[in-house]
Each structure stands twice: as C-alpha cells, then as structure tokens.
Q: 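Below you'll find the structure I mean.
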2 protein chains.
Amino acid sequence: MSQALIRKLQNFVKLSAAEQRAIERAGSERVRRIGAHEDILREGDKPNGALLIVDGWACRYKYLEDGRRQIVGFSVPGDICDLNVFLLKEMDHSIGSLTEVVVADLSRETLEGLMSGSTRIAHALWWDNLVANAIQREWTINLGQRDAVERMSHLFCELFLRQKSAGRAQGNSCDFPPTQAELGDATGLSTVHVNRTLQQMRSADLITLQNKRLVINDIDALMRQAMFNPSYLHLDRDGAHLDAND
Amino acid sequence: MSQALIRKLQNFVKLSAAEQRAIERAGSERVRRIGAHEDILREGDKPNGALLIVDGWACRYKYLEDGRRQIVGFSVPGDICDLNVFLLKEMDHSIGSLTEVVVADLSRETLEGLMSGSTRIAHALWWDNLVANAIQREWTINLGQRDAVERMSHLFCELFLRQKSAGRAQGNSCDFPPTQAELGDATGLSTVHVNRTLQQMRSADLITLQNKRLVINDIDALMRQAMFNPSYLHLDRDGAHLDAND
DNA sequence: GTAACCTATTCACATGCGTTAGTTTTTCAG
DNA sequence: CTGAAAAACTAACGCATGTGAATAGGTTAC
C-alpha cells in the first residue's frame, strides 16, 4: 500500500526491513477511496492528522474571493499532505482529488509512533517535508519568472521526476491526469493559452500528452527549455550517513 | 536580542519566563553583523544550523541560468531561516541582506537543546515553520492569480502584519527597505511596472512609501484591494491550550 | 441512444506588462 | 560641498497572454 512512500524516502536514507514494515503498517490502518473531483479537505477544516496519497492524483488549491483559483501543488502517490499540520487550528487551503484517489489517514498517534520508533524514519519524514517546501519555492520562481513554455516544461520535469523517485514512472513516461483547465490553474495561464503552449511543445517534439499520459520525447531538451535544475528535489541520498546496515 | 522572535512565537503560545530566557540565551550566543546587499548564505552552501534575523531585512532568492532573479521571501526581525535544513546536503537557494543585518547563528545543538528543553518551544518553532510554508503557498497564489496592484497590495499587507506580530510595526506604519528593483524581483514585475503600480497605489491614497518606511493610509481598503485574508498567517493563538500558566 | 456536459481546440481582438532608452532625484563617499 | 552611482521616475512601443465566443469530439447518465 505505501510502497511509493517507502521508495521515495529511500532516496534520502536506506530503511531497514523493520522500518519498511512499520511504514507499511501505518499506511494500511485507515484507507479510504475518494471519487474524482471531490474535496478531501477544505479550507477552514480542522485537521487531525496527515494524509498519505496511496493512489491517484490530488491537488492543493485556494480560491480568491472573486472566484479565481490557484493550484499550489500536485500530490502524487507517496506524498504526505500536511505532516504536522495538527499544530494549526485550521486548514488555510483545500485539497481536492483530480482522479479517483486512495488515501491513508495517518493519525497523530500513528505519526508520532513512527517517528519516535525510528530516528531514521523521523529524519526521512522531515526530509520529505523540507523537500515539499523547496518545491513550493520553486513554484514561486516558476510563476514569477518563467514564460508559458518554460513554466509548463518545468512542471512536467518536476512531476515526472517526482513520480520516478516514487517508482511511479515507466521509462520516459508517467501518469499525467490534469486537464488543461487544471494546468491553467496551476501555471496561472488561461485555458486558451495552455492549449497554445501545449501545441507549441508538441510541435517542438518535446512531449506527447494524451489519454492522461505524459511521454517525454527528449528529457534533456525539456530540462534545457525549462531551465530545470533538479537539485531542489534533493534526490541524491542526502542522509546516506544514516543508512540502515541490515 | 531575540525579542522579536519571542513576541512572534507568543502569537501561537504563551511562553514562561524561563522559556523566554532560554530563547534569549540561544539568540545571543553567536551574533554577527552583515553589511547591506551581501550574501549571508549561497545556493550550494552546506548549512550547519539556522539563522535568526535579529535586526534588518534579508531575502531568499534564486537565479535562473539566464540571470533572471526571483525573490521567494523576505526575512524580517524574528524570522528563523532554514530551521532543520541541516538534514539537507546543500542550500537550494541563497539568502542575501537588503539592509545592514544582525543575525544570530543557531547551531544544531542549540536548537535541539531548545526543543528538547521545552515541548512548548518545540511546538512554537514548528508552528513558525508551518506558517513559513503557508506564506510560501500564498506567494504562489499571489504570482499566479493577482495583477500588479493586487500583488503589491498583498505583499504590503503581509509584511506589515508580519512585522506587527513581532512587535516591529508602529501604528499603521513599518520599516520597508526594499528598492523598487527588489520589489520587482519579488513580485515578478519589471522595475518600470513596479513604479507605475506604486504611483497608482499612491494616487488611490492606499499607501505612502518613502525613506524606506511604509505607511498604510487605509488598511481595510488595502486588504480589500489585495483580497488579503490574514488567516494563513495563523496569528490567532492556535496553541492556546498549551499556554504557560506562570 | 441520446441529451447533457466536460474537454480540447481555434479565431479575433483587447490589454497588462515588458523592453528600451532615457531623465531626474537621492544617496553617499571623500 | 562635490561628483558619481544608485534609485526613482517617465515615455513610446511591442508582445505575451487574456477574453469572449464558437465548434467539435469524447464521456457519462439515464
């Protein structure tokens, strides 16, 4: 059930078999299925734990008073939403499903058990949280400085690599369910311009995007186009000195 | 020395006199002064603790390969930079001073001592970190959805309230040292358009900005203009149930 | 099977903001 | 006080992207 999370955390530190089992167990306690295009948590809700995305895609978003919507991040299998958010009174943004989604509720007690049971797991979860912050900073840069093609290219690079790091990419392709309207809400572009931009990227033979699948025809070209530097994802076993020996 | 941090944390939870002294001590151990417009930490550096801004303003930023720069956040007195970032191998962004700055280096040991010495302090520091994430999300929204006037208004609201929460605002005014070029790097606008935007806001009598001081003439009007909703700053004593009784 | 509705696509036109290239004002070192 | 550099400001013009509106294919509900 939580293979994607374990795979992802192992980019930071090698976990022992027992640690993997502990995560496995935590991720199977309370599992729910949610339909496509539903809210999982809504702005103003009182959170009482964290969510692990087991399957499907979700997004975090927020509406302005006048109806404009900004998606501030995508959540893919292996992602934990709002680790430790139970310190805050209420959610300041919403989380909605893009596809049908399977989530595991991680209660406060479960999380505290995991973290106190293994320093390595605790560190790995903090690593994941720090990377989530870095991703959010990168979105700020993306929206502030990159033009439409660069912005879209960067988003594709990010989500391909994130899925790959969780064992969820196949060769040069991966799932990619957002509609063009959702891509617009994530990139701050109108749907018309998202469409124009995708056409342009297709005719430059950078990507193929159909049937909710993304195929990256030339990853180097795409990364160059996006000025994508993957170091912010910290996927290079930062915590190797903590690796399990068994 | 760390009054601003203590003031800010007390928005979340009331700290005992002993806890306040402990923070005071941690923030006076290693204090340095840095000139205006210098880098405090640079992308690629290996962090070995956290920084507390005691006085002056700094910013976090990142360059794209072609020289475009995005400021991803401002740091004002009382702000901690990169709490727990020592889990990561290297900085994925830089931190530079805008004015002359006084910083206190908080070593890993000092931080761990603070957090293990008081659960309330530990929680307060995590609260601060969660709020920092929420601010980063809000910047994403700001750059993705708001036009120039709204964007600038939102930035002013944020920084006024953040300084106020640290006891660093005076009535309806506060320090505001960024140049128009720096405001452009933060809002994703050209300096020319920053200038146009400020003129517009001045003629609408929303703000006065001169001599590195921001005066907010009509906070309600400014917040309306920005569609600013302060709840993401979580300034409403979320952790009241943990308050010190002494 | 078909109505209702997303989703993708295209076109024409409008505009917010960028760019280039200045000038003026302020700051600050000496 | 003076000169040089930084910061603020202005004007003209162009383009990337938004808006509104229309079409068509695909999907889902009944």
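All values below were derived from every heavy atom in this structure, side-chain atoms included, with hydrogens, water molecules and symmetry-related copies excluded.
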Q: With a 3.5 Å distance limit and no angle check, can you tell me whether B/Ser97 reaches the backbone of B/His37 through a side-chain donor-acceptor pair?
A: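 Judged by distance alone, yes, a pair lies under 3.5 Å.
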Q: Taking 4.0 angstrom as the limit, do B/Glu43 and B/Arg60 come out as a salt bridge?
A: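 No.
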Q: Scan A/Arg146 against the nucleic acid and name what it touches under 4.0 Å (heavy atoms): base, sugar-phosphate only, or nothing.
A: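 No contact.
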Q: Check the distance between D/dG18's C1' and A/Gln180's CD and give it to me in whole angstrom.
A: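 In whole Å, D/dG18 C1' lies 16 Å from A/Gln180 CD.
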Q: Which residues pass the side chain to side chain contact (heavy atoms under 4.5 Å, CB included) test with B/Gln136, not counting sequence neighbours?
A: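 Only A/Gln136, A/Arg137, A/Thr140, B/Val72, B/Trp139 meet the side chain to side chain contact (heavy atoms under 4.5 Å, CB included) criterion with B/Gln136.
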Q: Calculate the interatomic distance between B/Gln145 atom CD and C/dG16 atom P; express it in whole Å.
A: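 Result: 16 Å.
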Q: Any chance the side chains of B/Arg168 and B/Gln3 put a donor and an acceptor closer than 3.5 Å?
A: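 No, no side-chain donor-acceptor contact under 3.5 Å.
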Q: Please report, rounded to the nearest Å, how far the P atom of C/dG16 is from the CD atom of B/Glu150.
A: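 It works out to 12 Å between those atoms.
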Q: Strictly below 4.0 Å, heavy-atom distances to any atom of DNA chain C: list the hits from residues 183-200 of chain B, or just say none.
A: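 Heavy-atom cutoff 4.0 Å gives B/Gly188, B/Leu189, B/Ser190, B/Val192, B/His193, B/Arg196.
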Q: Does C/dT9 have OP1 or OP2 sitting under 4.0 Å from an N or O in the side chain of A/Arg202?
A: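 Yes.
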Q: I'd like to know if A/Asp175 pairs up with A/Lys212 as an ion pair, taking the criterion as any Lys NZ or Arg NE/NH1/NH2 lying under 4.0 Å from an Asp or Glu carboxylate oxygen.
A: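 A/Lys212 and A/Asp175: not salt-bridged.
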Q: Between the side chain of A/Lys8 and the main-chain N/O of A/Gly78, is any donor-acceptor distance below 3.5 Å?
A: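 Yes, A/Lys8 side chain to A/Gly78 backbone: donor-acceptor pair under 3.5 Å.
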Q: Take the angle between the ring planes of B/Phe176 and B/Trp57 and call it parallel below 30°, perpendicular above 60°, tilted in between.
A: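 Geometry flag for B/Trp57 against B/Phe176: perpendicular rings.
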Q: How bent is the helix from C/dG1-D/dC30 to C/dG30-D/dC1, measuring the angle between the end axes built from five pairs each, rounded to 10°?
A: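 Inter-axis angle at the ends, rounded: 60°.
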Q: In chain order, what residues pass the ring pair (Phe, Tyr, Trp, His ring centres under 6.0 Å) check against B/Phe160, with sequence neighbours excluded?
A: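 Expected list: none.
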Q: Test of understanding: with ring pair (Phe, Tyr, Trp, His ring centres under 6.0 Å), list the residues that count as partners of A/Phe228, not counting sequence neighbours.
A: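 Applying ring pair (Phe, Tyr, Trp, His ring centres under 6.0 Å) to A/Phe228 gives A/His154, A/Tyr232.
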Q: Please determine whether a side-chain nitrogen of the Lys or Arg among B/Asp39 and B/Arg42 lies less than 4.0 Å from a carboxylate oxygen of the Asp or Glu.
A: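 Salt bridge between B/Asp39 and B/Arg42, a charged N being under 4.0 Å from a carboxylate O: yes.
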Q: Between D/dA6 atom P and B/Glu182 atom CD, what is the distance in whole Å?
A: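 Checked: the CD to P distance equals 13 Å.
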Q: Is B/Glu150 salt-bridged to B/Arg224, cutoff N-O under 4.0 Å?
A: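 No.
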Q: Mind running a 4.0 Å heavy-atom check of residues 208-217 of chain A against DNA chain D and sending the residues that fall below it, in number order?
A: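 Of all residues in residues 208-217 of chain A, none places a heavy atom under 4.0 Å from DNA chain D.
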Q: Grab the CZ-P distance between A/Arg68 and C/dG16 for me, whole Å please.
A: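 One finds 12 Å between P of C/dG16 and CZ of A/Arg68, rounded.
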